[in-house]
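Structure first, then comments.
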Amino acid sequence: MTPPNDRTNGGAGLNDDIGEAKRLELYRLQVVIRESEQRAFDLFLQNLVKGTSHLSLGQEAVAAGFAGAMKKGDLSFCTYRGHAHTLARGVSVEKVLGELMQKDNGLMRGKGGSMHLTSEEHGVMGSYAIIGAHLPIACGAAWRAQYRGDKDVSVCFFGDGTTNIGAFHEALNFAAVWKLPVVFVCENNLYMEYTPIKDVIPIPQPAADRASAYGLERILIDGNDADVVYRTAQKAFARARAGEGPSLIECLTYRHSGHSRADPAKYRPEGELEEWKKRDPVKIYRERLKQFGVKEDAIAEIDASVRKEVDDATEACKAAPPPPLDIISTDVYADGGWAWRN
Amino acid sequence: MAEISYRDAVTRGIAQEMARDPDVVFLGEDVAKPGGCFKATVGLYEQFGALRVRDTPISEQAILGAAMGAAMTGLKPIAEIMFSDFIAVCFDYIANEFPKSRYMSNGQLKCPLVVRTANGAGSRFGAQHSQSVENWCMMIPGLKVVAPSTPRDVIGLMAAAVRDPDPVIFFEHKSLYNSKGEVPDGEIVDTLGSAKIVRPGKDATICALALMVPRALEAAERLKIDHGIDCEVVDVRSLVPLDTQTILGSVARTGRLFTVEENPRLCGWGAEIVSIVADEAFYDLDGPPVRITTPHIPLPAADIMEDVVLPTPDRIAETVKRSLEA
Ligand SMILES: Cc1ncc(C[n+]2csc(CCOP(=O)(O)OP(=O)(O)O)c2C)c(N)n1
Ligand SMILES: [Mg+2]
């Protein structure tokens, strides 16, 4: 079946291609992200999450749908808003919260921080905090796959605001000309930091309306419906693996929280958040499961087990020591140290 | 042994590594069939084919970003930035991405790549195509920075750079492409982080890099012939890692330190060397260390002006003589 394009309804038929096991997985991933992000926010308010943090509350379906369609070996390239994508690839809640809390049990032992979550073994090839930087990097990983005949796909996530930076255009053109197996995923949450995206682009859709400039199909989907996202991802991945080149996918979504930390997001028009909460991806998916005959207690069981995972992770992180100071100067260079002279 | 040009040494150095390791790939603007803007990569496309030698769009960020993505997933890319001045438009990769990914990921990610770029003045191209920007890169933890001055070193340091597991910025000097030198047959592999005493002497140490090396050597010859002053010339070759032992050892013998830098004066590499020597070899010094640099100005295009601002053998010799006599 063809994934829905330019449509904002679910597009899920009844007895379909996705199936119950995958749906339960997609649901679980979304709940893991929802609960972890909510916990990160609570811990931030308690001053236990330090530095900054950029949550994906409200954007869970994009992360779940793409990760659900990825195979082992596929690579994710994320932004500073990368907790969701990192969790979606199977990194433990403890490792993610540990990094946010700058503890020794964190994913990078506190050396990266919340904006740079990386787990090579899970295919999370970094989270990048310079807008647009990782689009060309994802192209390079895809170039390696093309050169070696590897079948993995590089998937690069970024926001609507990122479509206005030069690296976006360089990467899209480069990937299209070289026909690279890379999938660019624009999570259009309607805002860059505090400025609505519509105020800074001359077209309605920041990514989809630019696709034709690179000879790519215009793909605009409901990013709050994990089924829609999953099907779209599958199609783009198949295209990439078949050597047919990159895709640019714009997912319409909305962040429930502020841009970062405790941003109260006062710049949003009244009622906007409430409207979008009616289309909360987790709520939508819970209904979807019921529609497919999944019993309430099976859903409740997932919710409870995720809650426990997040609670346990929180306790483990609270108890964990801070990183030892002797790792300050490790891994600057490949010899493990920082020596720049003899 | 054969005499070849610095330009041909670039091709030979890259070819040596590409022939050895199929993971070595090469990308840049006009580098494949055209053989490069400076014709320093002629024949690589024919020898290694379209999959390994690739022309790119005019997209410096895409070039360096792609090199990084390929490097972190297993290839050993060599990326060309046509003029080193253009590093400014893709500086994010050099300053924020290549050198930080290993550290921020707590050692999970690697970035074994080489960026080669045409650096330096002498072509009368003006302020945006002539700069010496090695100091832009030297100041960034996580990068390595080399700048060969001879055809032999081009090959040896290219091999060292390609085989090194860290990101290396490889500065070729535009005004040296036509210069020639003796190069041994067979494989040449150097080590990063080793300076070379290219002329022994007892009265003063002159540290120089790239185009400034032949100029320092010429100055040293004149000082010897005209004034009996015997200078030791150190080709620094590698700014990071920096071979301070060779430099400190030389200063311990001569008691005087001069640096000859093509970069504009402020924060040039010589300042770091002077500070190390002042800190660690103060009592070896018989007089103040002296830096000979291009002044703190954008480079003018006109030949007579460009010639005046770069350190010349005359200015080097004059400065050394005056300082030793003072
Ligand atoms: C090059 C660069 N410019 C500006 C910033 C500051 N900044 C951080 S996030 C952000 C907004 C990005 O918006 P978008 O791409 O829509 O992503 P979102 O945060 O909505 O997920 C900005 C401007 C940055 N990190 N890098
Ligand atoms: Mg946004």
Side-chain angles (χ1 to χ4, degrees), chain A residues 75 77 106-113 115-121 124-130 132-148 150 152 154 166-167 169-171 173-175 177-178 180 182 323 327 330-336 338-342, chain B residues 22-23 25 27 51-52 54 56-75 77 89-90 92-93 95-97 99-113 138 141-144 164-166 193-194 239-246 272 276:
Chain A
L75 304 176
F77 294 83
L107 198 48
M108 300 91 72
R109 302 183 74 189
K111 289 179 80 169
M115 296 200 282
H116 299 293
L117 298 180
T118 303
S119 184
E120 205 252 345
E121 64 173 303
V124 182
M125 301 304 283
S127 300
Y128 297 80
I130 307 296
H134 61 316
L135 281 83
I137 298 171
C139 288
W143 171 33
R144 178 268 322 153
Q146 180 187 63
Y147 175 70
R148 288 190 168 165
D150 296 341
D152 60 278
S154 294
H169 301 277
E170 290 197 13
N173 183 64
F174 188 88
V177 172
W178 284 27
L180 297 174
V182 56
I327 64 169
T330 60
D331 289 318
V332 178
Y333 291 101
D335 63 7
W338 66 298
W340 55 274
R341 57 170 285 194
N342 60 7
Chain B
D23 285 340
V25 288
L27 79 168
L51 278 181
R52 296 182 68 190
R54 295 195 74 163
T56 68
I58 307 168
S59 299
E60 278 75 12
Q61 297 187 72
I63 293 169
L64 294 195
M68 177 173 174
M72 64 200 256
T73 54
L75 299 187
V89 303
C90 49
D92 179 41
Y93 294 93
N96 289 318
E97 312 300 341
K100 311 276 193 315
S101 63
R102 178 182 294 276
Y103 186 84
M104 294 196 303
S105 68
N106 191 36
Q108 295 179 71
L109 298 181
K110 58 185 176 181
C111 190
L113 57 80
M138 186 189 182
L143 285 185
K144 291 179 177 171
D164 195 86
D166 289 307
S194 65
L239 294 177
V240 186
L242 184 64
D243 181 2
T244 55
Q245 292 313 312
T246 296
E272 188 58 49
I276 290 168

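A note on names: the letters A, B, ... follow the listed sequences, proteins ahead of strands, and every chain is numbered from 1. Since this is a predicted model, take the numbers as computed values, not measurements.
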- Turns out that what part of I276(B) lies under 4.5 Å from chain A's heavy atoms comes down to side chain
- Heavy-atom pairs under 4.5 Å with chain B are the metric here; pick the option from A171(A), C139(A), A133(A), A142(A) that has the most. A133(A)
- Note on the structure: If one checks every heavy atom of L135(A) against chain B at 4.5 Å, the contacting part turns out to be neither
- Message: For D92(B), which atoms come within 4.5 Å of any heavy atom of chain A: side chain, backbone, both, or neither?
- Response: side chain
- Message: So R148(A) and D23(B), do their side chains get closer than 4.5 Å, heavy atoms only?
- Response: yes
- Item | Heavy-atom donor-acceptor pair, Q61(B) side chain to E170(A) backbone, under 3.5 Å | no
- Value rounded to 0.5 Å, distance of NE2 in H134(A) from CE in M68(B): 11.5 Å
- Message: Just verifying a value: how many Å separate D152(A) CG and T73(B) OG1, rounded to the nearest 0.5 Å?
- Response: 8.0 Å
- Residue pair R144(A) / V25(B), side-chain heavy-atom distance below 4.5 Å: no
- Proximal component of W178(A), with respect to chain B [non-hydrogen, under 4.5 Å]: both
- Item | Top of A67(B), A62(B), S194(B) for chain A proximity - count of heavy-atom pairs under 4.5 angstrom | A62(B)
- Side chain from CB out, backbone as N, CA, C, O: work out which of these in E97(B) comes under 4.5 Å of a heavy atom of chain A, or both, or neither. side chain
- Least distance between heavy atoms, M72(B) atom then I137(A) atom: SD-CG2, 3.8 Å
- Residues in ring-ring contact (aromatic ring centres under 6.0 Å, His included) with Y103(B), at least two apart? none
- Query: Side chain, backbone, both or neither: which part of V332(A) has a heavy atom under 4.5 Å from chain B?
  - Reply: both
- Task: Enter the distance from D331(A):CG to K110(B):NZ here, rounded to the nearest 0.5 Å.
- Result: 14.0 Å
- Distance-minimising heavy-atom pair for W143(A) and A70(B): CE3-CB, 3.8 Å
- Message: Counting heavy-atom pairs under 4.5 Å with chain B, which one of G110(A), S119(A), S127(A) comes out on top?
- Response: S119(A)
- Flag the one option from P77(B), A66(B), P112(B) with the top tally of heavy-atom pairs under 4.5 Å to chain A. A66(B)
- Separation between CH2 of W340(A) and CE of M138(B), rounded to the nearest 0.5 Å: 6.5 Å
- Would you say the side-chain atoms of Y333(A) pair up with the backbone N or O of P141(B), donor to acceptor, closer than 3.5 Å? no
- Item | G193(B) to N342(A) - nearest heavy-atom pair and separation | O-ND2, 4.4 Å
- Query: So what's closer than 4.5 Å to chain A heavy atoms on S105(B): side chain, backbone, both or neither?
  - Reply: both
- Heavy-atom pair count under 4.5 Å with chain A, highest-scoring of P165(B), P241(B), S101(B), G142(B): G142(B)
- Query: Considering all heavy atoms of both residues, which atom of N106(B) and which atom of M108(A) are nearest to each other, and what is their separation?
  - Reply: CB-O, 3.5 Å
- Message: At a 4.5 Å cut-off on heavy atoms, which part of L51(B) comes close to chain A: side chain, backbone, both, or neither?
- Response: both
- Contact summary for P22(B) and Y147(A), nearest pair of heavy atoms: O-OH, 2.5 Å
- Message: Would the distance check show the side chain of D166(B) and the main-chain N or O of A334(A) forming a donor-acceptor pair, the cut-off being under 3.5 Å?
- Response: yes
- Task: Indicate the atoms forming the closest heavy-atom contact of Y93(B) with G132(A), along with that distance.
- Result: OH-O, 4.2 Å
